[in-house]
Structures are given as C-alpha cells and as structure tokens.
Colleague: 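Take a look at the following structure, please.
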Amino acid sequence: MQLLLWFYYFFVLFFYSKLMEYFFILNLIECAYEGMGEAHGDVLAKKTVFVTVGTTCFDALVQAVDSQLLKAELLRRGYTNLLIQLGRGSYIPSKSAGEDGSLTVDYFSFSPSIADHMRSASLVISHAGSGSIFETLRLGKPLIVVVNTALMDNHQSELAEELAERKHLLCAYPDTLYETIQNMDLDTLVPYPPSNPMAVAKLMNKFFGFPED
Amino acid sequence: MKKLNDWIIVLSLSTLLILRILYVLRCTGKPLRRSSQQALKTLIVLGSGGHTAEMLNLVAVLHRDRFYPRCYVAAATDNMSLQKARVLEESYSYETNVGKMVEAAQFMQIYRSREVGQSYFTSIGTTIFAMLHALWMTFIIRPDMVLCNGPGTCIPICVAAFLFKVVGIRWMSIVYVESIARVRKLSLSGLLLYKFHLADQFFVQWPQLQKSYSKAHYVGCLM
C-alpha cells in the first residue's frame, strides 16, 4: 500500500514538471515572437499621436501638425503613427503610408468612437475644449493642448493655462507647437486626480432638506 | 379725481410688486424647509459641447428619485445634447428595470436668444422672443428646481423662474454651477445671476473665483 502511494507521488511530480516545461517553452516562443515583431516594426510597437479639434474648425492646428519638421521630431521621439481628426475644418493635411521609415499619417473628419482613438494613442494633441481635455486626462494620456488664438473671447485658454500650471498637460499655440514638442518631457506631467462631483450633490441634498446618505 | 385714483392704484401696485421682489430676493438662497420628502421636479438646462458633458456628469451622481421627474431643455439648434441626455436616462431605466422611471424624463427645445455671430440689432428681437418662449416653457413644466451651468440658453429660463417666484405660482429654486472652464472670471450668465442674486445656490469650481466672488461656494473640480 505504502509503495503504491510513493509511485503515485512520483507520477504526479513527473507529470507536473512536464507540464511546467511545456508552458516554459511556450513562453519562450512568445517572447521570441514579440522580439522579432519589434525588430520588424510590427503592429505590436505602434505609437500613435492623436490630434483632435472636437466639433470645431481649427485649421491652424492641422496646418501646424502637417509640417515636415514637426513630423520628423515626432518620429525622432519614437512615434510611428499620426492620426488627425479634422472636425469642421477645411484644410486637408497630406496622408502618408509610412514607407521608408517615415511617419504614417492618416485623417478623418468625425468619428463616433473618438474615445477609442484616444485610448490607443500614446500622445494626444487637442484643441482647448473642456470636453476633449477632461476625456483625455481621465484616460491618463499625455496631452498637449493647443489654444485657438482666432477665437474671440478666448476663455478656453484660462482652463488650459491653469491645468498647465498644475502640470497636468502642456499648453501651446499653433505657432509654438513645434517648439513645445521639441522641448517636451512627458515624465514631468502629473496625473490628473479623480474628480468629486458628489460634493455638489451633497450640498444640494442638504439645501433641499433631504437626509444625508 | 379719476386720474388721481388711477395714480394711487398704479403706485400701490408698484409698491407691492417691489416689496414682493425684495421679499423673494431675501428668501433666495435660504435652504428650503420642506415638510415632505417629496421628489423635486427638475429642469436641466443643456448647452453646447462642454456644457452638456459637464451637466450630465453632475446629473449622473444625483439621487434619481429625489430629483425626479427630470426635464432636459436644450437650444433648438443643438442636435447632440438631448441625444446624450436620452442615453443617460435610458441607462437608468435599464438599471432599475422599473416601470415608473419610463414616465420620468422629458426632452424639450428652446429658441436661442442669440446665435453665434448674430448682429446685436436683430438680437434684441430674438432675445424678446426667446424670453417669451422661456416663460411659456417654464409655465408648462413648472419645475421645483432649475439646474444650469452657464450657456446663454439658461438666462431666459432663470429669469422666467425668478418671475414665477415673484408672482407666486411656484417657488422654483435655481441652482447654478459655473463651468469648469471658468477659472478666473465668471461667464456672462454666471455674472448676471450672481450680481442680481437670482440663484439660490451658486457653485464655482476654482478657488480663484471664490476669492473674487465671496458669495459663491467653492466645490472643487467636478470633471
């Protein structure tokens, strides 16, 4: 009886170690595959810069991004793709398939899934609308906000400047965008803390005589 | 003799009106003492883009059965805002799966006082028209509370709500949350409501504004 048990233990150990071996080898193969992928500039290494103007017309930003110098700088910093959302703008930037090591550039006017583009981006360059700004900050993406100087009564710049002062994003203008990208150090950005809309709800409850939760 | 009578009537009515307005202004901002815990009918003003996103962000954390039924009002030329509000309300009825929530939400459109870039001359006429429309809408809806965050569309509605307070049809509390995009200066809507003491509750999201406008409540960033 005792002997049988010993045989059982050894068998289990043997089987278990074979299983571990199998998974170990699988893991090695996976890593090798990934490694090969990076070396060949595969889909796995894509780093996208997403440019958005929201529902506005902001041709000055699209033009600024369409510059060869700026695109070269992005490439130098390791970005592989540039995706531009044109909104209601009329200026059409140049597309590029990204052969011979250049930046892959694409554009579209509107999309129902801007959030998805933001999520898969490594850097977002946005107009100064509060909707776009907070959507990006909540996703935790590095953000450069470009203020539209052509807008009258530019109250949008107040928000961008305040958040830039608190180091949650970088603030720029269409003619200083290239310079900002040249000098940017995204590691100095501080994550935007979670907001607390409940603060107002509590005050409203109290004011209207509702019991506290 | 008749002329004197007329003057006496006019004078006494004006005095009554002024006293009533002063009384309303004095009561504005005082917490409501309500005997019942009944739900408050809420009129929610939606503006374009960022305003709507901020407002829906706030509505989403309010008690659904305390601020109920909810009526969303957007400008006639704004296509997206009511749609986004519908999505939010539909998510509520899906969650609770209770028949009564379906009765709740209403979605309405109001004429704008002034479109972007409109000439100031024609704006006078459109503002008067928008004001009349706001009076009509506020009368139909007769909310207990008006919630807004600064688009131009909210001024005619807030003025209408104030007039209803004065006339005594219904006490409509006005809750104003200044947009997060306003860091150092109030928006025009905010300024009007603040200076004329029309809002019962006035919230700002940045400390700089609280320093400049001491009667405002600082609540931090809501986004």
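In the text below, chain A, chain B and the rest are named by the order of the sequence lines, each starting its count at 1. When reading the values below, keep in mind they use all heavy atoms of this one structure, side chains included, and skip hydrogens, waters and symmetry mates.
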Colleague: Report the C-alpha separation of B:Leu222 and A:Asn196 in whole Å, then their side-chain angles, then the decisive distance to 0.1 Å, and conclude whether the side-chain contact (heavy atoms from CB on, under 4.5 Å) test is met.
Modeller: CA-CA 5 Å; B:Leu222 303 176; A:Asn196 185 20; 6.0 Å; no
Colleague: Chain A heavy atoms under 4.5 Å from B:Val175: which part of the residue, side chain, backbone, both or neither?
Modeller: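 Interface part for B:Val175: side chain.
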Colleague: Going by residue number, which parts of residues 158-166 of chain B are within reach of chain A, meaning a heavy-atom gap below 4.5 Å?
Modeller: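 Contacts with chain A: none.
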Colleague: Might you work through the side-chain contact (heavy atoms from CB on, under 4.5 Å) test for A:Ser130 and B:Met223, ending with a clear yes or no?
Modeller: CA-CA 9 Å; A:Ser130 62; B:Met223 283 294 272; over 6 Å; no
Colleague: Would you mind checking which part of B:Met80 comes under 4.5 Å of any heavy atom in chain A, side chain (CB onward), backbone (N, CA, C, O), both or neither?
Modeller: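 Neither part.
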Colleague: For the pair B:Arg66 and A:Phe208, evaluate side-chain contact (heavy atoms from CB on, under 4.5 Å) and give the outcome as yes or no after the intermediate values.
Modeller: CA-CA 10 Å; B:Arg66 289 179 182 176; A:Phe208 290 109; over 6 Å; no
Colleague: Is it the side chain or the backbone of B:Gln208 that comes within 4.5 Å of chain A heavy atoms, both, or neither?
Modeller: side chain
Colleague: Looking at chain A, which one of B:Ser187, B:Ala181, B:Gly50 has the largest number of heavy-atom pairs inside 4.5 Å, strictly under?
Modeller: B:Ala181
Colleague: Could you tell me which non-hydrogen atom of B:His63 sits nearest to which non-hydrogen atom of A:Asn205, and how far apart they are?
Modeller: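 Nearest heavy atoms, B:His63 then A:Asn205: CD2-ND2, 4.5 Å.
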Colleague: Identify which one of B:Val219, B:Val61, B:Leu62 satisfies the side-chain contact (heavy atoms from CB on, under 4.5 Å) criterion when paired with A:Met198.
Modeller: B:Val61
Colleague: Using 0.5 Å steps for rounding, measure from the CE atom of A:Met204 to the OG atom of B:Ser173.
Modeller: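 Between A:Met204 CE and B:Ser173 OG, I get 9.5 Å after rounding to 0.5 Å.
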Colleague: Is B:Asp144 close to chain A through its backbone or its side chain, or both, or neither, when contacts mean heavy atoms under 4.5 Å?
Modeller: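 For B:Asp144, neither part sits under 4.5 Å from chain A.
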Colleague: Of all residues at least two apart in sequence or in a different chain, which pass the side chain to side chain contact (heavy atoms under 4.5 Å, CB included) check with A:Pro112?
Modeller: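 By the side chain to side chain contact (heavy atoms under 4.5 Å, CB included) rule, A:Pro112 matches no residue at all.
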Colleague: Let's go through A:Phe134 and B:Ile180 carefully: what are the C-alpha distance in whole Å and the side-chain angles of both, what is the deciding distance for side-chain contact (heavy atoms from CB on, under 4.5 Å) to 0.1 Å, and is it a yes or a no?
Modeller: CA-CA 10 Å; A:Phe134 288 107; B:Ile180 197 170; 3.3 Å; yes
Colleague: Quick one: do A:Glu161 and B:Arg184 make a salt bridge, cutoff under 4.0 Å?
Modeller: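 B:Arg184 and A:Glu161: salt-bridged.
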Colleague: So which residue, B:Met145, B:Gln205, B:His217, ends up with the most heavy-atom pairs under 4.5 Å with chain A?
Modeller: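 Between B:Met145, B:Gln205, B:His217, the count favours B:Met145.
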